[in-house]
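The structure appears below as C-alpha coordinates.
Predicted model only: the values in this text are computed from it and were never measured. Every chain is numbered from 1, with letters handed out A, B, ... down the list of sequences.
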Number of protein chains: 2
Amino acid sequence: MDLADLLKEYVPFTHDELNGILAHFTKESIPKNELLVREGQICRKLYFVEKGIGRSYYIKEDGKEVTQWFFGEGAFMSSVDSFFNQSQSHYYLEVLEDAVLYSISLDNIDLLLAQYHKMERLVRLITIDMLTKVVNKLNALQFQTARERYDYMISEYPDISYRVPLGHIASYLGMTQETLSRIRKNEG
Amino acid sequence: MDLADLLKEYVPFTHDELNGILAHFTKESIPKNELLVREGQICRKLYFVEKGIGRSYYIKEDGKEVTQWFFGEGAFMSSVDSFFNQSQSHYYLEVLEDAVLYSISLDNIDLLLAQYHKMERLVRLITIDMLTKVVNKLNALQFQTARERYDYMISEYPDISYRVPLGHIASYLGMTQETLSRIRKNEG
DNA sequence: TTCATTATTTGATCTAGGTCAAATGAAAGT
DNA sequence: ACTTTCATTTGACCTAGATCAAATAATGAA
(Lines give C-alpha, C1' and ligand atoms only; values in the text may rest on other atoms or scores of the structure.)
Protein backbone atom coordinates (compact mmCIF):
# COMPACT_ATOMS: atom_id res chain seq x y z
CA MET A 1 0.00 0.00 0.00
CA ASP A 2 1.38 3.33 -1.12
CA LEU A 3 1.16 6.43 1.05
CA ALA A 4 0.47 8.78 -1.86
CA ASP A 5 -2.41 6.63 -3.07
CA LEU A 6 -3.89 6.47 0.38
CA LEU A 7 -3.74 10.23 0.85
CA LYS A 8 -5.46 10.76 -2.49
CA GLU A 9 -8.24 8.43 -1.39
CA TYR A 10 -8.95 10.67 1.55
CA VAL A 11 -8.63 14.08 -0.13
CA PRO A 12 -8.27 15.07 -3.79
CA PHE A 13 -4.86 16.69 -3.51
CA THR A 14 -3.17 18.20 -6.53
CA HIS A 15 0.12 16.80 -7.66
CA ASP A 16 2.01 19.67 -6.04
CA GLU A 17 0.16 19.45 -2.77
CA LEU A 18 0.83 15.76 -2.61
CA ASN A 19 4.54 16.25 -3.16
CA GLY A 20 4.64 19.00 -0.58
CA ILE A 21 3.04 16.72 1.94
CA LEU A 22 5.09 13.65 1.14
CA ALA A 23 8.27 15.70 1.49
CA HIS A 24 7.54 16.04 5.20
CA PHE A 25 7.50 12.31 5.74
CA THR A 26 10.67 10.36 6.44
CA LYS A 27 11.14 6.85 5.19
CA GLU A 28 12.36 4.49 7.91
CA SER A 29 13.34 0.87 7.70
CA ILE A 30 12.82 -0.76 11.06
CA PRO A 31 13.99 -4.26 11.94
CA LYS A 32 11.68 -6.82 13.44
CA ASN A 33 10.95 -6.56 17.18
CA GLU A 34 12.15 -2.98 17.54
CA LEU A 35 10.33 -0.80 20.05
CA LEU A 36 9.29 2.58 18.68
CA VAL A 37 7.77 3.92 21.88
CA ARG A 38 7.92 2.80 25.49
CA GLU A 39 5.33 3.39 28.15
CA GLY A 40 5.87 6.79 29.74
CA GLN A 41 7.62 8.25 26.71
CA ILE A 42 6.03 10.78 24.43
CA CYS A 43 5.21 9.40 21.03
CA ARG A 44 6.91 11.84 18.66
CA LYS A 45 5.79 10.45 15.33
CA LEU A 46 2.85 9.28 13.39
CA TYR A 47 3.84 6.35 11.19
CA PHE A 48 2.40 5.09 7.98
CA VAL A 49 2.98 1.35 7.55
CA GLU A 50 4.02 0.59 4.02
CA LYS A 51 5.34 -2.87 4.80
CA GLY A 52 5.32 -4.97 7.94
CA ILE A 53 3.05 -5.08 10.94
CA GLY A 54 3.07 -3.01 14.09
CA ARG A 55 1.28 -3.37 17.36
CA SER A 56 0.65 -1.33 20.47
CA TYR A 57 0.37 -2.99 23.85
CA TYR A 58 0.52 -2.34 27.54
CA ILE A 59 1.67 -4.38 30.48
CA LYS A 60 -0.76 -5.16 33.26
CA GLU A 61 0.16 -5.05 36.93
CA ASP A 62 0.59 -8.80 36.89
CA GLY A 63 3.17 -8.45 34.14
CA LYS A 64 1.05 -9.72 31.28
CA GLU A 65 1.11 -7.97 27.93
CA VAL A 66 -2.18 -6.88 26.45
CA THR A 67 -2.23 -6.08 22.76
CA GLN A 68 -4.16 -2.91 22.23
CA TRP A 69 -4.00 -2.59 18.49
CA PHE A 70 -2.49 -4.04 15.33
CA PHE A 71 -1.34 -1.83 12.48
CA GLY A 72 -1.29 -3.57 9.15
CA GLU A 73 0.02 -2.41 5.81
CA GLY A 74 -1.71 0.80 4.74
CA ALA A 75 -2.54 1.84 8.31
CA PHE A 76 -1.42 4.84 10.29
CA MET A 77 0.31 3.76 13.45
CA SER A 78 0.91 5.73 16.60
CA SER A 79 0.18 5.91 20.26
CA VAL A 80 -2.58 8.25 19.16
CA ASP A 81 -3.43 9.98 22.38
CA SER A 82 0.23 10.50 23.25
CA PHE A 83 1.09 11.74 19.79
CA PHE A 84 -1.68 14.26 19.32
CA ASN A 85 -1.50 15.62 22.83
CA GLN A 86 2.27 15.11 23.18
CA SER A 87 1.57 13.47 26.51
CA GLN A 88 3.08 10.37 28.07
CA SER A 89 2.14 7.19 26.30
CA HIS A 90 0.24 4.48 28.12
CA TYR A 91 1.40 2.02 25.51
CA TYR A 92 4.41 0.41 23.97
CA LEU A 93 4.61 0.56 20.22
CA GLU A 94 6.59 -2.09 18.38
CA VAL A 95 7.21 -3.55 14.99
CA LEU A 96 6.54 -7.28 14.62
CA GLU A 97 8.14 -7.79 11.22
CA ASP A 98 10.90 -5.98 9.35
CA ALA A 99 9.04 -2.87 8.32
CA VAL A 100 9.12 0.09 6.00
CA LEU A 101 7.47 3.08 7.63
CA TYR A 102 6.93 6.70 6.70
CA SER A 103 7.00 8.93 9.73
CA ILE A 104 6.00 12.50 10.40
CA SER A 105 6.30 14.63 13.54
CA LEU A 106 3.49 16.66 15.01
CA ASP A 107 5.45 19.84 14.22
CA ASN A 108 5.56 18.85 10.60
CA ILE A 109 1.87 18.10 10.61
CA ASP A 110 1.28 21.56 12.05
CA LEU A 111 3.42 23.06 9.30
CA LEU A 112 1.39 21.25 6.70
CA LEU A 113 -1.84 22.26 8.38
CA ALA A 114 -0.76 25.89 8.13
CA GLN A 115 0.37 25.48 4.55
CA TYR A 116 -2.44 23.44 3.03
CA HIS A 117 -6.02 23.93 4.03
CA LYS A 118 -6.91 20.49 2.74
CA MET A 119 -4.58 18.98 5.33
CA GLU A 120 -7.08 19.73 8.05
CA ARG A 121 -9.59 17.64 6.23
CA LEU A 122 -7.09 14.83 5.91
CA VAL A 123 -6.26 14.77 9.61
CA ARG A 124 -9.91 14.96 10.50
CA LEU A 125 -10.82 12.06 8.23
CA ILE A 126 -7.95 9.95 9.48
CA THR A 127 -8.87 10.46 13.13
CA ILE A 128 -12.53 9.74 12.42
CA ASP A 129 -11.52 6.55 10.65
CA MET A 130 -9.51 5.53 13.67
CA LEU A 131 -12.46 6.33 15.88
CA THR A 132 -14.76 4.19 13.76
CA LYS A 133 -12.39 1.24 13.94
CA VAL A 134 -11.99 1.47 17.68
CA VAL A 135 -15.75 1.65 18.13
CA ASN A 136 -16.14 -1.44 15.98
CA LYS A 137 -13.72 -3.38 18.09
CA LEU A 138 -15.45 -2.16 21.21
CA ASN A 139 -18.70 -3.60 19.98
CA ALA A 140 -17.05 -6.89 19.16
CA LEU A 141 -15.66 -7.12 22.68
CA GLN A 142 -18.71 -5.91 24.50
CA PHE A 143 -21.14 -8.73 23.95
CA GLN A 144 -19.71 -11.43 21.79
CA THR A 145 -18.42 -14.88 22.54
CA ALA A 146 -14.74 -15.69 22.16
CA ARG A 147 -15.54 -17.43 18.91
CA GLU A 148 -17.43 -14.47 17.49
CA ARG A 149 -14.61 -12.13 18.42
CA TYR A 150 -12.18 -14.32 16.58
CA ASP A 151 -14.42 -14.30 13.51
CA TYR A 152 -14.48 -10.51 13.71
CA MET A 153 -10.68 -10.50 13.79
CA ILE A 154 -10.46 -12.74 10.74
CA SER A 155 -12.85 -10.60 8.76
CA GLU A 156 -11.30 -7.30 9.82
CA TYR A 157 -7.65 -8.34 9.66
CA PRO A 158 -7.39 -11.52 7.60
CA ASP A 159 -3.72 -11.02 6.81
CA ILE A 160 -2.58 -10.12 10.32
CA SER A 161 -4.35 -13.10 11.86
CA TYR A 162 -1.83 -15.50 10.39
CA ARG A 163 1.32 -13.44 10.68
CA VAL A 164 1.59 -12.60 14.35
CA PRO A 165 2.03 -14.77 17.44
CA LEU A 166 -1.13 -16.31 18.76
CA GLY A 167 -0.71 -14.81 22.21
CA HIS A 168 -0.76 -11.30 20.77
CA ILE A 169 -4.05 -11.94 19.03
CA ALA A 170 -5.55 -13.62 22.07
CA SER A 171 -4.90 -10.65 24.32
CA TYR A 172 -6.10 -8.30 21.59
CA LEU A 173 -9.39 -10.17 21.60
CA GLY A 174 -9.63 -10.31 25.37
CA MET A 175 -9.14 -14.03 25.79
CA THR A 176 -6.35 -16.39 26.78
CA GLN A 177 -3.94 -18.05 24.43
CA GLU A 178 -5.32 -21.46 25.28
CA THR A 179 -8.84 -20.44 24.40
CA LEU A 180 -7.75 -19.03 21.07
CA SER A 181 -5.76 -22.15 20.30
CA ARG A 182 -8.83 -24.29 20.92
CA ILE A 183 -11.00 -22.02 18.78
CA ARG A 184 -8.58 -22.31 15.91
CA LYS A 185 -8.59 -26.06 16.15
CA ASN A 186 -12.32 -26.18 15.62
CA GLU A 187 -12.39 -23.78 12.69
CA GLY A 188 -13.71 -24.47 9.23
CA MET B 1 -21.67 23.16 31.61
CA ASP B 2 -21.71 26.03 29.14
CA LEU B 3 -20.91 25.51 25.46
CA ALA B 4 -19.00 28.77 25.11
CA ASP B 5 -16.79 27.92 28.06
CA LEU B 6 -16.08 24.50 26.70
CA LEU B 7 -15.11 25.81 23.28
CA LYS B 8 -12.73 28.29 24.88
CA GLU B 9 -11.09 25.47 26.77
CA TYR B 10 -10.25 23.76 23.52
CA VAL B 11 -9.16 26.77 21.46
CA PRO B 12 -8.51 30.41 22.43
CA PHE B 13 -11.23 31.95 20.29
CA THR B 14 -11.76 35.70 20.25
CA HIS B 15 -15.07 37.08 21.40
CA ASP B 16 -16.21 37.58 17.81
CA GLU B 17 -15.14 34.15 16.66
CA LEU B 18 -16.98 32.60 19.55
CA ASN B 19 -20.17 34.45 18.74
CA GLY B 20 -19.86 33.54 15.08
CA ILE B 21 -19.55 29.91 16.02
CA LEU B 22 -22.29 29.88 18.63
CA ALA B 23 -24.67 31.49 16.14
CA HIS B 24 -24.56 28.29 14.09
CA PHE B 25 -25.81 26.18 16.96
CA THR B 26 -29.51 25.72 17.64
CA LYS B 27 -30.82 25.37 21.14
CA GLU B 28 -33.21 22.44 21.50
CA SER B 29 -35.23 21.31 24.47
CA ILE B 30 -35.89 17.60 24.22
CA PRO B 31 -38.25 15.68 26.48
CA LYS B 32 -37.19 12.56 28.28
CA ASN B 33 -37.09 9.32 26.29
CA GLU B 34 -37.15 10.98 22.89
CA LEU B 35 -35.25 9.26 20.10
CA LEU B 36 -32.95 11.57 18.17
CA VAL B 37 -31.71 9.00 15.69
CA ARG B 38 -32.85 5.51 14.75
CA GLU B 39 -30.75 2.72 13.37
CA GLY B 40 -30.47 3.07 9.60
CA GLN B 41 -31.07 6.81 9.63
CA ILE B 42 -28.38 9.34 8.94
CA CYS B 43 -27.43 11.33 12.00
CA ARG B 44 -27.77 14.92 10.85
CA LYS B 45 -26.59 16.76 13.91
CA LEU B 46 -23.85 16.95 16.45
CA TYR B 47 -25.30 17.81 19.85
CA PHE B 48 -23.77 19.49 22.82
CA VAL B 49 -25.41 18.37 26.06
CA GLU B 50 -25.98 21.33 28.32
CA LYS B 51 -28.45 19.58 30.56
CA GLY B 52 -29.66 16.00 30.73
CA ILE B 53 -28.13 12.71 29.71
CA GLY B 54 -28.09 10.99 26.35
CA ARG B 55 -27.14 7.52 25.30
CA SER B 56 -26.47 5.61 22.12
CA TYR B 57 -27.36 1.94 21.83
CA TYR B 58 -27.98 -0.82 19.38
CA ILE B 59 -30.24 -3.82 19.37
CA LYS B 60 -28.75 -7.27 19.06
CA GLU B 61 -30.25 -10.00 16.91
CA ASP B 62 -31.84 -11.50 20.01
CA GLY B 63 -33.60 -8.20 20.63
CA LYS B 64 -31.51 -7.04 23.57
CA GLU B 65 -30.38 -3.45 23.80
CA VAL B 66 -26.70 -2.77 24.26
CA THR B 67 -25.72 0.67 25.49
CA GLN B 68 -22.83 1.91 23.45
CA TRP B 69 -22.16 5.24 25.05
CA PHE B 70 -23.46 7.74 27.60
CA PHE B 71 -23.32 11.46 27.00
CA GLY B 72 -23.28 13.51 30.16
CA GLU B 73 -23.53 17.23 30.65
CA GLY B 74 -20.70 19.00 28.84
CA ALA B 75 -20.27 16.22 26.29
CA PHE B 76 -20.72 16.23 22.54
CA MET B 77 -23.25 13.64 21.51
CA SER B 78 -23.77 12.06 18.14
CA SER B 79 -23.69 8.83 16.25
CA VAL B 80 -20.19 9.92 15.36
CA ASP B 81 -19.44 7.71 12.41
CA SER B 82 -22.83 8.38 10.87
CA PHE B 83 -22.61 12.09 11.43
CA PHE B 84 -19.15 12.74 10.06
CA ASN B 85 -19.55 10.44 7.09
CA GLN B 86 -23.27 11.11 6.65
CA SER B 87 -23.76 7.38 6.45
CA GLN B 88 -26.43 5.17 7.96
CA SER B 89 -26.24 4.96 11.72
CA HIS B 90 -25.68 1.62 13.41
CA TYR B 91 -27.05 3.10 16.60
CA TYR B 92 -30.06 4.64 18.18
CA LEU B 93 -29.51 7.91 19.95
CA GLU B 94 -31.86 8.91 22.73
CA VAL B 95 -32.27 11.31 25.59
CA LEU B 96 -32.76 9.75 29.04
CA GLU B 97 -33.79 12.90 30.90
CA ASP B 98 -35.44 16.14 29.84
CA ALA B 99 -32.54 17.79 28.09
CA VAL B 100 -31.23 21.07 26.78
CA LEU B 101 -29.06 20.50 23.74
CA TYR B 102 -27.24 22.72 21.27
CA SER B 103 -27.15 21.16 17.84
CA ILE B 104 -25.22 21.87 14.69
CA SER B 105 -25.40 20.27 11.24
CA LEU B 106 -22.41 19.05 9.30
CA ASP B 107 -23.07 21.73 6.69
CA ASN B 108 -22.83 24.37 9.34
CA ILE B 109 -19.62 22.86 10.65
CA ASP B 110 -18.25 22.99 7.12
CA LEU B 111 -19.26 26.65 6.86
CA LEU B 112 -17.46 27.39 10.08
CA LEU B 113 -14.44 25.40 8.98
CA ALA B 114 -14.25 27.55 5.86
CA GLN B 115 -14.77 30.74 7.84
CA TYR B 116 -12.50 30.22 10.84
CA HIS B 117 -9.21 28.47 10.57
CA LYS B 118 -9.25 27.74 14.29
CA MET B 119 -12.37 25.66 13.81
CA GLU B 120 -10.32 22.92 12.24
CA ARG B 121 -8.32 22.69 15.39
CA LEU B 122 -11.48 22.53 17.45
CA VAL B 123 -12.93 19.67 15.45
CA ARG B 124 -9.65 17.85 15.53
CA LEU B 125 -9.32 18.18 19.28
CA ILE B 126 -12.88 17.10 19.88
CA THR B 127 -12.54 13.99 17.74
CA ILE B 128 -9.23 13.10 19.40
CA ASP B 129 -10.87 13.48 22.79
CA MET B 130 -13.61 11.13 21.72
CA LEU B 131 -11.01 8.69 20.46
CA THR B 132 -9.17 8.79 23.77
CA LYS B 133 -12.33 8.09 25.71
CA VAL B 134 -13.32 5.17 23.53
CA VAL B 135 -9.85 3.70 23.85
CA ASN B 136 -10.07 4.00 27.62
CA LYS B 137 -13.30 2.13 27.70
CA LEU B 138 -11.91 -0.49 25.39
CA ASN B 139 -9.11 -1.13 27.85
CA ALA B 140 -11.54 -1.37 30.71
CA LEU B 141 -13.55 -3.98 28.85
CA GLN B 142 -10.69 -5.96 27.46
CA PHE B 143 -9.22 -7.50 30.57
CA GLN B 144 -10.99 -6.42 33.66
CA THR B 145 -13.42 -8.17 35.94
CA ALA B 146 -17.03 -7.05 36.14
CA ARG B 147 -16.25 -5.36 39.43
CA GLU B 148 -13.28 -3.44 37.99
CA ARG B 149 -15.33 -2.30 35.04
CA TYR B 150 -17.94 -0.94 37.38
CA ASP B 151 -15.28 0.92 39.34
CA TYR B 152 -14.07 2.41 36.07
CA MET B 153 -17.61 3.55 35.33
CA ILE B 154 -17.96 5.19 38.72
CA SER B 155 -14.69 7.05 38.38
CA GLU B 156 -15.28 8.11 34.78
CA TYR B 157 -18.97 8.93 35.06
CA PRO B 158 -19.85 9.35 38.74
CA ASP B 159 -22.97 11.39 38.06
CA ILE B 160 -24.39 9.21 35.30
CA SER B 161 -23.97 6.05 37.34
CA TYR B 162 -26.79 7.02 39.63
CA ARG B 163 -29.11 8.68 37.18
CA VAL B 164 -29.78 6.06 34.55
CA PRO B 165 -31.47 2.65 34.69
CA LEU B 166 -29.25 -0.12 35.90
CA GLY B 167 -29.80 -2.22 32.80
CA HIS B 168 -28.37 0.51 30.59
CA ILE B 169 -25.20 0.65 32.63
CA ALA B 170 -24.89 -3.12 32.77
CA SER B 171 -24.97 -3.50 29.00
CA TYR B 172 -22.61 -0.55 28.64
CA LEU B 173 -20.13 -2.43 30.81
CA GLY B 174 -20.66 -5.73 29.05
CA MET B 175 -22.38 -7.57 31.87
CA THR B 176 -25.92 -8.56 32.82
CA GLN B 177 -28.25 -6.55 34.97
CA GLU B 178 -28.22 -9.21 37.64
CA THR B 179 -24.46 -9.15 37.91
CA LEU B 180 -24.40 -5.38 38.22
CA SER B 181 -27.10 -5.48 40.86
CA ARG B 182 -25.03 -7.92 42.91
CA ILE B 183 -21.90 -5.83 42.51
CA ARG B 184 -23.72 -2.77 43.76
CA LYS B 185 -24.96 -4.63 46.78
CA ASN B 186 -21.42 -5.44 47.84
CA GLU B 187 -20.08 -1.94 47.35
CA GLY B 188 -18.51 0.23 49.98
C1' DT C 1 22.76 -30.51 13.04
C1' DT C 2 22.14 -29.90 17.84
C1' DC C 3 20.73 -27.52 21.81
C1' DA C 4 18.19 -23.87 23.93
C1' DT C 5 14.48 -20.96 23.87
C1' DT C 6 9.95 -19.67 22.80
C1' DA C 7 5.34 -20.64 20.96
C1' DT C 8 1.45 -23.66 20.61
C1' DT C 9 -1.41 -27.42 21.85
C1' DT C 10 -3.80 -30.42 24.94
C1' DG C 11 -5.83 -32.00 29.23
C1' DA C 12 -7.85 -31.50 33.85
C1' DT C 13 -9.89 -28.59 36.85
C1' DC C 14 -12.25 -24.37 38.65
C1' DT C 15 -14.91 -20.05 38.83
C1' DA C 16 -16.87 -15.58 37.36
C1' DG C 17 -20.52 -14.43 35.64
C1' DG C 18 -24.46 -15.90 32.63
C1' DT C 19 -29.32 -17.80 32.40
C1' DC C 20 -33.83 -18.69 34.12
C1' DA C 21 -37.41 -17.77 37.26
C1' DA C 22 -39.70 -15.72 40.80
C1' DA C 23 -40.21 -11.94 44.43
C1' DT C 24 -40.09 -7.30 45.62
C1' DG C 25 -40.04 -2.41 44.82
C1' DA C 26 -40.76 1.93 42.34
C1' DA C 27 -43.31 4.90 38.94
C1' DA C 28 -47.02 6.53 36.23
C1' DG C 29 -51.67 6.74 34.77
C1' DT C 30 -56.71 6.60 36.09
C1' DA D 1 -55.37 5.14 46.62
C1' DC D 2 -55.29 1.41 43.23
C1' DT D 3 -53.61 -0.90 39.37
C1' DT D 4 -50.65 -1.71 35.68
C1' DT D 5 -46.22 -1.54 34.01
C1' DC D 6 -41.45 -1.44 34.44
C1' DA D 7 -37.04 -1.81 37.22
C1' DT D 8 -34.37 -4.06 40.65
C1' DT D 9 -33.17 -7.71 43.63
C1' DT D 10 -32.50 -12.36 45.04
C1' DG D 11 -31.87 -17.33 44.56
C1' DA D 12 -30.62 -21.75 42.24
C1' DC D 13 -28.26 -23.51 38.76
C1' DC D 14 -25.11 -23.93 34.72
C1' DT D 15 -21.65 -23.06 31.06
C1' DA D 16 -17.84 -20.36 28.63
C1' DG D 17 -13.74 -19.60 29.30
C1' DA D 18 -9.92 -19.00 32.89
C1' DT D 19 -6.12 -21.18 35.32
C1' DC D 20 -2.61 -24.53 36.11
C1' DA D 21 0.40 -27.89 34.37
C1' DA D 22 2.59 -30.62 31.27
C1' DA D 23 3.59 -32.24 26.39
C1' DT D 24 4.79 -31.00 21.66
C1' DA D 25 6.26 -28.16 18.06
C1' DA D 26 8.62 -24.47 15.99
C1' DT D 27 12.41 -21.08 15.76
C1' DG D 28 17.00 -19.49 16.12
C1' DA D 29 21.69 -19.33 17.64
C1' DA D 30 26.20 -21.70 17.71
A:Thr176 side-chain proximity, nearest of C:dG18, D:dT19, C:dG17: D:dT19
Is a donor-acceptor contact shorter than 3.5 angstrom present between the side chain of B:Arg182 and the base of C:dG18? no
Any side-chain N or O of A:Thr179 below 4.0 angstrom from OP1/OP2 of D:dG17? no
Would A:Asp129 and A:Tyr10 count as having a side-chain donor-acceptor pair, cut-off 3.5 Å? yes
Flag the pair B:Ile169 / B:Phe70 as yes when at least one side-chain heavy-atom distance between them is below 4.5 Å, and no otherwise. yes
Per B:Ala146 side chain, nearest of listed nucleotides C:dG17, C:dT9, D:dT9: C:dG17
Using a 4.5 Å side-chain heavy-atom cut-off and chaining through intermediate ILVMFWY residues, the residues clustered with A:Leu111 come out as none
Separation of D:dG28 atom P from A:Asp98 atom CG, nearest Å, is 11 Å
Separation of C:dG17 atom P from B:Ile183 atom CD1, nearest Å, is 7 Å
Here the distance between atom P of D:dT9 and atom CG of B:Asn186, to the nearest Å, is 11 Å
Under 3.5 Å, sequence neighbours excluded: what are the donor-acceptor pairs made by side chains of residues 57-65 of chain B?
from    : atom 1 : to      : atom 2 : distance (Å)
B:Asp62 : OD1    : B:Lys64 : N      : 3.0
B:Glu65 : OE1    : B:Arg55 : NH2    : 2.5

Between C:dG17, D:dA18, C:dG11, which nucleotide gets closest to the side-chain atoms of A:Lys185? C:dG11
Nearest-Å distance for atom pair CG/C1', residues B:Leu180 and C:dT19: 16 Å
Closest nucleotide among D:dT8, D:dG28, C:dT19 to the A:Lys32 side chain: D:dG28
Can you find a donor-acceptor pair, distance only, under 3.5 Å between B:Arg147 side chain and C:dG17 base? no
Taken to the nearest whole Å, CZ/A:Phe143 to P/D:dA16 is 16 Å
Expected list for residues 149-169 of chain B near DNA chain D, using heavy atoms below 4.0 Å, is B:Pro165, B:Leu166, B:Gly167
Given B:Ser89, which of B:Ser79, B:Ser56, B:Ser78 fulfils the side chain to side chain donor-acceptor pair (under 3.5 Å) condition? B:Ser79
To the nearest Å, give me how far apart CD (A:Glu178) and C1' (D:dA22) are. 12 Å
Go through B:Thr67 and B:Ser171 one step at a time and tell me if the side-chain hydrogen bond (donor to acceptor under 3.5 Å, both in side chains) criterion holds. CA-CA 6 Å; B:Thr67 298; B:Ser171 72; 3.2 Å; yes
Quiz question: by atom type and distance under 3.5 Å, do the side chains of A:Asp2 and A:Tyr102 form a donor-acceptor pair? no
Value in whole Å for how far the P atom of C:dG17 lies from CG of B:Leu141: 12 Å
Whole-Å distance, A:Gln177 CD to D:dA18 P, equals 12 Å
